[in-house]
Amino acid sequence: MEETLTARFATKRFTTGLDFVNRIGASAEEADHHPDLTLTYPEVAVTLSSHDVGGITSRDIDLARIISEHAAKLGVTATPDHD
Ligand SMILES: C[C@H](O)[C@H](O)[C@H]1CNC2=NC(N)=NC(=O)C2=N1
């Protein structure tokens with residue numbers, strides 16, 4: 001099983017989640033590194049992994065930091081998961 005970084009973000013409103021997902025999408029394209037995203041009411045789940053190595057790399061850590069910055073700007077709080 002591939003190792004992943006996962007987190008859930010309490011977006012509370014669906015439209016905030018959609019905005020959050022769009023911001024993550026733009027950053028993912030910039031970084032050429034793409035998380036798995038699940039948009040639901042009332043949260044967004046993010047899973048990061050480097051498929052080429054089958055685990056977590058600095059590309060995942062770097063994108064996780066950027067995602068945390070987007071969350072902070074939107075006033076969204078994270079609940080880290082442990083797989
Ligand atoms: C060539 C390009 O860098 C690769 O295909 C990228 C694209 N986005 C990616 N995203 C993720 N999450 N893992 C990868 O290994 C990956 N590879």
Side-chain angles (χ1 to χ4, degrees):
M1 189 63 188
E2 188 175 70
E3 269 200 292
T4 60
L5 273 182
T6 67
R8 290 183 298 130
F9 292 86
T11 43
K12 296 184 183 162
R13 296 173 62 231
F14 189 79
T15 51
T16 303
L18 192 56
D19 186 4
F20 187 41
V21 162
N22 276 312
R23 290 175 193 217
I24 294 170
S27 295
E29 279 298 284
E30 240 173 72
D32 192 22
H33 195 63
H34 304 94
D36 296 345
L37 300 172
T38 306
L39 169 62
T40 57
Y41 173 85
E43 63 182 33
V44 170
V46 179
T47 300
L48 284 161
S49 184
S50 296
H51 305 306
D52 54 353
V53 302
I56 299 163
T57 67
S58 59
R59 285 174 282 150
D60 301 299
I61 309 288
D62 290 349
L63 190 54
R65 281 213 183 88
I66 292 166
I67 290 170
S68 295
E69 286 167 15
H70 288 309
K73 279 181 202 147
L74 291 170
V76 163
T77 54
T79 311
D81 282 345
H82 300 283
D83 280 348

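The first residue in the sequence is number 1, and the count goes up from there. Ligands are counted one by one from 1 in listed order, and the atoms in each one are counted from 1 as well.
Cluster annotation: Ile61 and Val46 are assigned to the same hydrophobic cluster (Ile/Leu/Val/Met/Phe/Trp/Tyr, side-chain heavy-atom contacts under 4.5 Å, transitive). In this structure, Ile56 is not a member of the same hydrophobic cluster as Val53, with clusters built from ILVMFWY side-chain heavy atoms closer than 4.5 Å.
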Give me the pairs of N or O atoms, one from ligand 1 and one from the protein, that sit under 3.5 Å apart.
residue  : atom   : partner : partner atom : Å
ligand 1 : 3 (O)  : Asp32   : OD2          : 2.8
ligand 1 : 8 (N)  : His34   : ND1          : 2.8
ligand 1 : 10 (N) : His34   : N            : 3.0
ligand 1 : 12 (N) : His34   : O            : 2.8
ligand 1 : 12 (N) : Ser49   : O            : 2.8
ligand 1 : 13 (N) : Ser49   : O            : 3.3
ligand 1 : 13 (N) : His51   : N            : 3.3
ligand 1 : 15 (O) : His51   : N            : 3.0
ligand 1 : 15 (O) : Asp52   : N            : 3.3

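Here the straight-line distance linking atom CD of Glu3 with atom OG1 of Thr57 works out to 11.5 Å at 0.5 Å rounding.
The main-chain N or O of Thr47 is never found under 3.5 Å from a side-chain atom of Thr6 such that the two would form a donor-acceptor pair.
Side-chain contact between Ile67 and Phe9 is present, with at least one heavy-atom pair separated by less than 4.5 Å.
Of the options Val21, Leu5, Leu63, Thr4, a side-chain contact (heavy atoms from CB on, under 4.5 Å) to Pro35 is made by Leu63 and by none of the others.
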